[in-house]
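Right, one structure below, let's go through it.
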Amino acid sequence: MDANLQTAHCPGCGLTMPKQQILQRNSYNASLECYEKYSELTAYTLSHRADDFFHQHVVDAYAAQHSGNGMKNITTAFALIGLYYAVEHGYNGKQVQRVHTLLGRLKYPWDTLSLPQRSYSVTVMDVLNKPSGDKRDDMICE
């Protein structure tokens, strides 16, 4: 990377990228550059017509990694619950979405959760660096 370029460091996942002039209109604890890459990945996952709807895993993983900065408590809780069901119980995205729907019917005062004090080992850029198709899809679902 050119030493004269400014960089942006994502406070959520730790991704470092060249700084760009992007307007931010989200409540994620993310750099604008990282959020742009997330948007690129969600466009990719939404273009799939797979029955398992693995787009949900991307949404939950990004929300969990980028909690804070005024994000609603329910968003963080749902992200972690969705990832729990995906990882621990093998739920696909449609099944996780159903869990979110059922939980959304509850009128529960979701507590603020403590944020992790470390960056994550996998960022949205790691997923985008995989070639489109099976390799990227497998990384999302692992």
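FYI, the numbering just counts along the sequence from 1. Keep in mind the model is a prediction, meaning the values are calculated, not measured.
- Counting heavy atoms from C-beta outward, F78 and L103 have side chains that approach closer than 4.5 Å.
- Rounding to the nearest 0.5 angstrom, the gap separating the OG1 atom in T123 from the CG atom in L15 is 4.5 Å.
- In terms of heavy atoms, K130 sits closest to R136 at O-NH2, 3.0 Å.
- A donor-acceptor contact shorter than 3.5 Å links the side chain of Q65 to the backbone of V122.
- Although no hydrogens or angles enter the test, the distance criterion places a donor-acceptor pair under 3.5 Å between the side chain of S39 and the main chain of Y35.
- To the nearest 0.5 angstrom, D52 atom CG is 5.5 Å from C141 atom SG.
- Contact detail for G90 and Q95: the closest heavy-atom pair is O-OE1, 4.1 Å.
- Looking at every heavy atom in both residues, D126 comes nearest to S121 through OD2-O, 3.6 Å.
- The same ILVMFWY cluster, assembled from side-chain heavy atoms under 4.5 Å apart, contains both Y62 and M125.
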side-chain hydrogen bond (donor to acceptor under 3.5 Å, both in side chains) evaluation trace for Y44 with D137: CA-CA 10 Å; Y44 170 80; D137 299 352; 2.5 Å; yes
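- The distance from the CD1 atom of I74 to the OH atom of Y108 is 11.0 Å, given to the nearest 0.5 Å.
- T76 has its side chain out of reach of W110: every pair of non-hydrogen atoms, C-beta onward, lies at least 4.5 Å apart.
- Atom NE2 of H57 is separated from atom CD1 of I140 by 9.5 Å, given to the nearest 0.5 angstrom.
- E33 is listed as a side-chain neighbour of K19, based on a closest heavy-atom distance under 4.5 Å.
- Taking the side chain as every heavy atom from C-beta outward, D111 and N73 never approach each other to under 4.5 Å.
- Ring geometry for F54 versus H48: interplanar angle over 60°, hence perpendicular rather than tilted (30 to 60°).
- V99 and L80 sit in two unconnected hydrophobic clusters of ILVMFWY residues. Membership requires side-chain heavy atoms under 4.5 Å apart, directly or through other members.
- Checked by atom type, the side-chain pair Y85/D60 shows no donor-acceptor distance below 3.5 Å.
- Checking H89 against Y84 by side-chain atom types alone, a donor-acceptor pair falls below 3.5 Å.
- The shortest side-chain heavy-atom distance between K37 and L41 does not fall under the 4.5 Å cut-off.
- Considering all non-hydrogen atoms of both residues, L115 and S67 come closest at CD2-CB, 3.5 Å.
- The shortest heavy-atom contact between N29 and C10 is O-SG, 4.1 Å.
- Contact between S31 and P11 at its shortest, heavy atoms only, is N-CD, 3.7 Å.
- Hydrophobic clustering of Ile, Leu, Val, Met, Phe, Trp and Tyr side chains at less than 4.5 Å, counting indirect connections, keeps L83 apart from M71.
- Note on M17: it clusters hydrophobically with Y28, by side-chain heavy-atom contacts below 4.5 Å among ILVMFWY residues.
- Side chains of H66 and C34 form a contact here, defined as non-hydrogen atoms less than 4.5 Å apart.
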